[in-house]
Amino acid sequence: MATMPRRTFLKTAAATAAALAFAPRRLFAEAAAARARVVVAHGTDIPKMLAAGLAAIGGWGAFVKAGQKATLKPNAGWASTPEQGANTHPLLVEACIRACLAAGASEVVLPENPCSPAAKSFAMSGIAAAAQRAGGRLYELDDEKDYVETPIPRGQVLRSAAVARDVLATGCLINLPVAKTHRGATLTLGLKNWMGSVRDRGFWHRSGLHQCVVDFATLIQPHLTIVDATRILVTNGPRGPGDLETPNQLIFGTDPVAVDAYAVTLFRKEPFAVPYVKLAHEAGLGCGDLAQIDVQHLEA
Amino acid sequence: MRRWIRWSSFLIAALLALQVWPWPAATRGFLGLSPVLGLLGALAARAASLGLLLGVPVLVVGYFRSRWFCRYLCPTGFAAELVGRLNPRGRRRFARWPNLGRALLALAFGGALCGQPLVLWLDPLALFSGFFGAWRLPLAWTSFALALGLPLVLLLSVVTPQAWCQRLCPLGAAQDACAALRRRMKFRAATAAAAAGPMLALTRRTFLFALAGGAAAVALRRWAIGRRLPIRPPGARPEDQFAGLCARCGACIRACPYGVLKPDLGAGGAAGLLAPTLDYAKAHCFEYCNECTKVCPTGAIERLALETKRNRAIGLAEIDREKCIAWHDRQYCMVCHEFCPYLAIDSVTQDGVECPTVKPDMCRGCGACQVNCPALPDKAIVVQGIPQRVARPLEG
């Protein structure tokens, strides 16, 4: 057994103590990886809430790569007005596009496979106008040329899917769902929002909706999720019109499951009451257990 | 000069039939120039509107100038004349034919009095529009079915030039009737027999044709309607009238931005052949659209404001629980609820899974559920035709 001279031991111990004392907090955050983090910005001024939330979660520079494309996935699927709460709020979309461009993104694209006819969905949702004002490119996914058939090796049911090219290959992928009820999926939040980026949704419904949502999440992990909970559709979702509540919140996170888990609570439900949140947690795609999530609230 | 007018009239008519301009009223105005379509349509539907009365000036001009419309404006007549030149030796072969156009007009008039004008589809403008109007990409063979009329007229015109215009065309016959009226008035003025004789040249033969038309209309309305109602465009008159009021011009089919309207291939009974019906194979009757109601020249489809259209039920969705992936396979689905624009789908929970039901008072039969139903191989929710009615409005 090798012995360590006392002097060496003392030196090492002192150095370690000093290093620990002055180490950035980040080191510990990464050491304690079990805890997920969600930032919730409260307020009514959406651009201000977005700025505050992003500052708390690391700033745009942590997500947007200069000179590369950024892809945003708002929910722009319904011929429905911003007040009706079926689509992501256009002001949020607009502010995100501006911020991505300001952070150096070469272009900002917003691919969507809408449910209502695209022209009407994009116009009525206000997202077409928002994208135009801010300089982003919102477009309807074309069945022929905009999808790439992609294998999903970790998928249990969904083994492959035709996925939007801009979702697969991009410098920065940001999910911008709106939180609302959904008669088939209980609630639609971040994980479920990706259904608007695939060609064949029918397969998901036939084959186990919740498992397919989770299977897809093994393939596509956004760099950032921002849930629009400024107003939430609590009845007749996902399309409405229905009753609205106004939590006046934006929910930020890099762990897509944790973000959804927190968002579920706005509907006065337990996260695991939404099957895909539970399945995603169990699959290790993120943390859906509220006890394991640090939620930081901000006023903006 | 006349040649220029005829060529430009022909081209404008073709462009209007193709609806290359975003003005549905223009298409309707062009077709409405035919008094056969507008006036007989208004008579049969017992409903007049400005668009239906556009044919009046044509009749008035026809009174003073014999067949002025035919000689200057009619695109079908122009096309028939052009192809007729291919066969110069065939001229006048039809001279001994009876004037079928007048008989057809009398039939249509009698039918219109009984609510079903029978032969509006023989109108030259309807035939012309049918040729161009149903064309849309991608081409389907149903478009060809509707486009057959004009080629048949042209074929006839190659074999016996002028026969169509002189002996068959009901629009020509309508103008002839006006011209005949003028001759009669002149004759009466000349002979100063002011109080004697009937005003209209109503012969016994014409009267009998009108009577036969009325009888045929009553018979068709009663017996030629299929048992299962087809889904007709919003604002369509009741099926027994619609089948005859529709001139098969294809204007509504062309106007539908989503390609939902198709010519009916007999699902609605013999009387409704080639009339427009909604086919939810690829798209549904979109809730923010009323384009088809803006173009109908005969009033077969009543013009509906968007709000009225949104509350007009044209069909009723029915769920087949054996095929439904929620009811039968216990899968989370409810896509029909998701897509329904009118909150007409409700659900009941079975084994923790929501299963859809239809609220009949809310359902408009728009087909959004049917198009998007993911069940395979057959849709589990299918819209059936119903007599059109007003559905319960959405609250708020």
Side-chain angles (χ1 to χ4, degrees), chain A residues 75 77-81 83-86 113-125 143 157 180-188 192 195-196 198-214 233 235-244 273-276 279, chain B residues 256-260 282-289 291 306 310 323-349 352-357 359 362 366 368-381 393-396:
Chain A
N75 188 332
W78 296 106
S80 170
T81 62
E83 296 73 35
Q84 290 176 318
N113 176 10
C115 297
S116 301
K120 198 74 185 178
S121 302
F122 293 173
M124 276 185 81
S125 65
D143 272 2
V157 178
K180 54 186 176 171
T181 55
H182 191 289
R183 199 67 72 94
T186 318
L187 297 175
T188 171
K192 167 108 182 28
M195 278 186 94
V198 298
R199 181 163 56 201
D200 180 12
R201 288 187 274 252
F203 178 85
W204 298 36
H205 291 286
R206 285 190 298 275
S207 318
L209 180 59
H210 294 282
Q211 186 59 50
C212 287
V213 166
V214 173
L233 191 58
T235 61
N236 298 334
R239 162 164 213 173
D243 296 336
L244 291 174
V274 179
Y276 63 76
L279 289 172
Chain B
C256 178
Y258 304 100
V260 178
K282 293 214 173 76
H284 74 286
C285 181
F286 186 49
E287 56 276 14
Y288 292 101
C289 175
E291 294 300 318
L306 193 55
R310 282 168 62 86
K323 294 175 181 157
C324 175
I325 63 180
W327 282 105
H328 188 262
D329 305 332
R330 292 286 183 268
Q331 292 283 4
Y332 295 94
C333 183
M334 294 302 290
V335 171
C336 45
H337 170 274
E338 185 172 343
F339 279 82
C340 178
Y342 304 108
L343 305 177
I345 304 286
D346 210 341
S347 63
V348 292
T349 310
V353 174
E354 299 293 322
C355 300
T357 56
K359 292 191 265 186
M362 296 300 281
C366 73
C369 51
Q370 181 178 336
V371 177
N372 293 291
C373 176
L376 284 178
D378 299 320
K379 302 286 185 183
I381 186 162
L394 271 77
E395 284 146 22

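The sequence lines fix the lettering, A, B, ..., with proteins before strands; numbering per chain opens at 1.
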Engaged part of [X] at the chain A interface, taking heavy atoms whose separation is under 4.5 Å:
X	answer
B/F286	side chain
B/C340	backbone
B/P341	both

Turns out that what part of A/A185 lies under 4.5 Å from chain B's heavy atoms comes down to neither
Cut-off 4.5 Å, heavy atoms of chain B, and the answer for A/S80 is neither
Is it true that a side-chain atom of [X] and a backbone atom of [Y] form a donor plus acceptor pair closer than 3.5 Å?
X	Y	answer
A/R206	B/P374	yes
A/R239	B/F339	yes
B/Q331	A/G208	yes

Q.
Please determine whether a side-chain nitrogen of the Lys or Arg among A/K180 and B/E338 lies less than 4.0 Å from a carboxylate oxygen of the Asp or Glu.
A. no
The residue among B/D329, B/N372, B/V335 that forms side-chain contact (heavy atoms from CB on, under 4.5 Å) with A/H205 is B/V335
Heavy-atom side-chain contact between A/L209 and B/C333 under 4.5 Å: no
Counting the benzene-type ring for Trp, do A/W204 and B/Y332 have ring centres under 6.0 Å apart?
no
Ranking A/G242, A/G237, A/G184 by heavy-atom pairs under 4.5 Å to chain B gives rank one to A/G184
Nearest heavy-atom approach of A/G240 to B/L343 is O-CD2, 3.7 Å
